[in-house]
Amino acid sequence: DSGVTQTPKHLITATGQRVTLRCSPRSGDLSVYWYQQSLDQGLQFLIQYYNGEERAKGNILERFSAQQFPDLHSELNLSSLELGDSALYFCASSAQQGARNTEAFFGQGTRLTVV
Amino acid sequence: DAKTTQPNSMESNEEEPVHLPCNHSTISGTDYIHWYRQLPSQGPEYVIHGLTSNVNNRMASLAIAEDRKSSTLILHRATLRDAAVYYCILRRDSNFGNEKLTFGTGTRLTIIP
């Protein structure tokens, strides 16, 4: 158990809909990272938050947004869903900014299926 | 992002040592070398990391070349549970938000019983 909790584990929704994925980081971890893993793209970095503020952005679509709340949990919002958004979405947390000398801990992921 | 190069796949016999290579010729002096693995249907899992010296932990050993342009992850006695995709990643300085983990395609390790 990594200590990172993601909910829900599975989500099936229709095209055009909006969903919210939730991540609770390990206790005390201030950084949260979101990744998307699809069959043809591998693990793609989406966005990072540190202590409530956006820290880095990757290949995140404009239809996607995220935030980190004062209790440090994070939510990834996906809207106007398309079939191609079907993927595993992982959240990771690590202890602090400047964390190149520490490990990141990943949740078990949310499997999103858009039909 | 600094690039790493790994073989697409490797096979090893159960209970034998496994050496997983990684090339990172553009590594900078402050980059840490991280290894993660992803078992089927699971999130990535931290294995080990290092800067210059060789490192050991309960899961594996990391051998880093003297010029730091390559490294090798060593699983001392592979089990079937070690079958996974192994990723070698350079983790950079936190300035400009660069400490994110950038995953390549990794090495798919198959363990033969």
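Keep in mind the model is a prediction, meaning the values are calculated, not measured. We name chains A, B, ... by the order of the sequence lines, and we start the count at 1 in each one.
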Problem - Spatial distance of atom CZ (A:Phe45) from atom OG1 (B:Thr102) [nearest 0.5 Å] - result: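 If I round to the nearest 0.5 Å, the distance is 7.5 Å.
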Handout entry: Distance (rounded to the nearest 0.5 Å) between A:Leu43 CG and B:Ile89 CD1
Key = 8.5 Å
Please determine whether the number of non-hydrogen atoms from other residues, nucleotides or ligands lying under 6.0 Å from atom [atom1] of [X] exceeds 12.
X	atom1	value
A:Asn59	CG	no
B:Asn8	CG	no
A:Leu83	CG	yes

Taking the side chain as everything from C-beta on, heavy atoms only, tell me whether [X] gets closer than 4.5 Å to [Y].
X	Y	answer
B:Tyr46	A:Phe106	no
B:Arg91	A:Ser94	yes
B:Gln38	A:Phe90	yes

Completion exercise
In terms of heavy-atom pairs under 4.5 Å with chain B, the winner among A:Gln37, A:Gln44, A:Gln6 is A:Gln37
Exercise for the section: Counting only heavy atoms closer than 4.5 Å, note whether A:Tyr35 contacts chain B via side chain, backbone, both or neither. Expected result: side chain
Under a 4.5 Å side-chain heavy-atom rule over Ile, Leu, Val, Met, Phe, Trp and Tyr, are [X] and [Y] clustered together?
X	Y	answer
A:Ile60	A:Val19	yes
B:Met59	B:Leu109	yes
A:Val32	B:Leu101	no
A:Tyr33	A:Leu21	no
B:Leu73	B:Ile111	yes

Handout entry: salt bridge (Lys or Arg N to Asp or Glu O under 4.0 Å) against B:Arg77, all qualifying residues, sequence neighbours excluded
Key =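 Result, salt bridge (Lys or Arg N to Asp or Glu O under 4.0 Å) vs B:Arg77: B:Glu15.
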Problem - Heavy-atom contacts under 4.5 Å, residues 107-115 of chain A to chain B - result: A:Gly107, A:Gln108
